[in-house]
Asks: 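Quick one: the structure is below, and I'll ask about it shortly.
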Amino acid sequence: MHFDDLLVEKLGEFGPYQKKTYFLLCLTSISAGFHMVISVFLLGTPEYRCALPGWSNDTFEIQNEAHRQMINLMIPDSTDETLKYSQCKLIKNNISVACNRWVYDKSIFKSTFTSEQNLVCTDELRTSHASMIFFGGVLAGAFGLGTLSDMIGRKKTLYLSSWLLLISTMAVAWAPSFWVFCVLRFIVGFSCAGLFMTAFVLGMEIVGPSKRVWAGVVIEYFFAIGLVVLAGIAYAIREWKYIEIAVLVPESPRWLLSQGRHEEAEKIIRQIAKGNNVTLPEKALVNLEADKSTTGRVWHLFTDRVLLIRTLIIFFNWLVVSMGYYGLSLNTGNLSGDFYLNFFLSGLVEFPAYTLCLVFLDRVGRKKLHVSCFVGGGLACICTIFTMLYADESLQPITVTLAMIGKIGIAAAFAVIYVWSAEIYPTVVRNAGMGASSACARIGGMVSPYIADVSKVVDGHLGRALPLVIFGGFSVLAGLLSLLLPETLNHKLPETIQDGKEFGKKENKYFPSKSYSNQAFATDDNISTTKTESSRL
């Protein structure tokens, strides 16, 4: 008997035991969401100007009339209409010269790593480099800890990731230099990927086939909770609680079966049965085995014109959706209004985004939902250029509203593309295809800080508007290209390369299925960590 059959026929696909375990796993997603965008606060750049020479207690805020006159005398006006002062120049002997000391506005941030290390002026792009290095750590963790999870098990990898995340996040707070900070943030990204990805996979492996799309989306709510929590407490939380969570979670019985460790798997299966109030017949576990894995290589996706075009479109969608998702979070500082409120809203709007997916994914289909969300969110982002460039301050709440609509669309598209692309890839190359798609998403995340920081190289309101326009434009393009991909809802999915070539062309061959629609997750090989990296990491 296969493990999926045991879940469906005997144990229950999502009984009380699985619900308790799944909830504990979801809690780790809060930590992942927290750390994925915390650089908004760690690397935030307050408004600043050159420090006045000889003024030991100089502050950005004007202290008195004498202080005001000295600032007017020594600090030139900014050529950027969005700034109060020139940031990198001061006047000495009637000559404008570069400065090497600065004072910072403390109305939003009391202190950030950027202000402590003076990562401004000629060093201002270092903040973008630091964010890119963090996402590079996420990429390395996805592959490294994903492979390790297949070798030593989900629980041990989850435990290791939790410890690594705890130690590295505490160390970041005392980083003495920029490069030490970058190394530690790389480790944070590395362990964060392992924590969330392993929890995601383990959650998928303990539920039945018909519940896996649901399980894959609900964990994203907890990721959004991490964003909302971060908006309120910034850098105050430490990860010690998740060490305890890693201890409470059982090993994946599916993984144990795949490793031939049948006695350990049987013990956990009986725990599940007891937790679900199910009595297993004595012969139920006889000849129990994991589903056989059938694998291919990623280059097989480039052997045919149809597969090539579809694969490139999927890769582009993963890159753009990751770039837009993280870019919009990192771009919060360019929006008008309260910085913390805007960040809070950017996390809050993800809840309706994931609800849209749960409600409509199996009703309207993958293509219609993905294209509608991606194109609609992209257009909302593009429209912000009109209010940012041509409207006065009283209309800037419209800008924030449009940006949040864009975040809803892109977050929903992120959830949909994971399910949809897994169903488009033929079974024999699904692992390889999803692994390569995930790598494209990591590249998008690494690019996003540079786009969000365009305002550092383009002055004025245009510089603040461009990131949203870029994210929106690419989102619209990716959404429209998705129209070339086939719908997968209620269709038998392709098994071989030849099936993949014909899929979507001859509907009489790929007839509607009477069974659950998320067939891409029906076998063990489709939920291995090498490819079942969450759409978020």
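Any value given below was found using the heavy atoms of this structure, including those in side chains, with hydrogens, waters and symmetry copies removed.
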Asks: How long is the span from the SG atom in Cys373 to the CG atom in Leu356, to the nearest 0.5 Å?
Replies: 5.5 Å
Asks: If we ignore hydrogens and angles and just use 3.5 Å, is the side chain of Thr332 paired with the main-chain N or O of Ser329 as donor and acceptor?
Replies: yes
Asks: Please lay out, stage by stage, how Val228 and Phe344 fare under the test side-chain contact (heavy atoms from CB on, under 4.5 Å).
Replies: CA-CA 5 Å; Val228 172; Phe344 172 80; 3.2 Å; yes
Asks: Leu319 versus Phe474: any side-chain heavy-atom pair under 4.5 Å?
Replies: no
Asks: With side-chain contact (heavy atoms from CB on, under 4.5 Å) as the criterion, how do Met36 and Phe196 come out once you've worked through the C-alpha distance, each side chain's angles and the decisive distance to 0.1 Å?
Replies: CA-CA 11 Å; Met36 288 299 291; Phe196 183 73; over 6 Å; no
Asks: Would you name the heavy atoms of Leu145 and Phe190 that are closest together and state the gap between them?
Replies: CD1-O, 3.3 Å
Asks: Check whether any side-chain heavy atom of Ser168 lies under 4.5 Å from a side-chain heavy atom of Ser191, and answer yes or no.
Replies: yes
Asks: How about Phe471 and Tyr326: are their ring centres within less than 6.0 Å of each other?
Replies: no
Asks: When you measure from the side chain of Ser31 to the backbone N and O of Thr28, does any donor-acceptor pair fall under 3.5 Å?
Replies: no
Asks: Rounded to the nearest 0.5 Å, how far apart are OG of Ser482 and NE2 of His370?
Replies: 3.5 Å
Asks: Of the non-hydrogen atoms in Met404 and Asn342, which two are nearest, and what is the gap between them?
Replies: CE-O, 3.4 Å
Asks: Has Trp420 got a side-chain atom pairing as donor or acceptor with Ala415's backbone, closer than 3.5 angstrom?
Replies: no
Asks: To the nearest 0.5 Å, how far apart are OG1 in Thr387 and CG in Leu402?
Replies: 6.0 Å
Asks: Would you give the length of the straight line joining atom CG of Leu330 to atom OH of Tyr325, rounded to the nearest 0.5 angstrom?
Replies: 10.5 Å
Asks: Please report the shortest heavy-atom distance between Gly141 and Ala193, naming the atom on each side.
Replies: C-CB, 3.9 Å
Asks: Below 4.5 Å, heavy atoms only, C-beta onward: do His35 and Leu195 meet side chain to side chain?
Replies: no
Asks: Closest heavy-atom contact between Ser131 and Pro449?
Replies: CB-CG, 3.4 Å
Asks: Where do Leu148 and Leu160 come nearest, in terms of heavy atoms and distance?
Replies: CD2-CD2, 3.6 Å
Asks: Leu158 and Leu25: which non-hydrogen atoms are nearest, and at how many Å?
Replies: CD2-CD2, 4.0 Å
Asks: Between Ile382 and Leu468, is there a side-chain heavy-atom distance shorter than 4.5 Å?
Replies: no
Asks: Does any non-hydrogen side-chain atom of Leu480 lie less than 4.5 Å from one of Leu483?
Replies: yes
Asks: Can a donor-acceptor pair be found, under 3.5 Å and without considering hydrogens, that links the side chain of Ser29 to the backbone of Ile219?
Replies: yes
Asks: For Lys368, look at atom NZ and say whether over 12 heavy atoms of other residues, nucleotides or ligands are found less than 6.0 Å away.
Replies: no
Asks: Counting C-beta onward and ignoring hydrogens, is there a side-chain heavy-atom pair between Thr169 and Ile38 closer than 4.5 Å?
Replies: no
Asks: So how far is it from Thr488 OG1 to Lys367 NZ, rounded to the nearest 0.5 Å?
Replies: 10.0 Å
Asks: Just by distance, do the side chain of Ser322 and the backbone of Trp318 share a donor-acceptor pair under 3.5 Å?
Replies: no
Asks: Under the criterion side-chain contact (heavy atoms from CB on, under 4.5 Å), I'd like the reasoning laid out for Val218 against Leu358: C-alpha separation, chi angles, the key distance, then a yes or no.
Replies: CA-CA 8 Å; Val218 168; Leu358 286 177; 4.2 Å; yes
Asks: A side-chain contact here means heavy atoms from C-beta on lying under 4.5 Å apart; do Phe135 and Val447 qualify?
Replies: no
Asks: Over 60° means perpendicular and under 30° means parallel, so tell me whether Tyr354 and Tyr221 are parallel, tilted or perpendicular.
Replies: perpendicular
Asks: Out of curiosity, Ile417 CD1 to Ser437 OG, how far, rounded to the nearest 0.5 Å?
Replies: 8.0 Å
Asks: Any heavy-atom pair between the side chains of Ser39 and Phe134 that's under 4.5 Å?
Replies: no
Asks: Could you please spell out the steps behind the side-chain contact (heavy atoms from CB on, under 4.5 Å) verdict for Trp163 and Leu166?
Replies: CA-CA 5 Å; Trp163 270 108; Leu166 169 65; 3.9 Å; yes
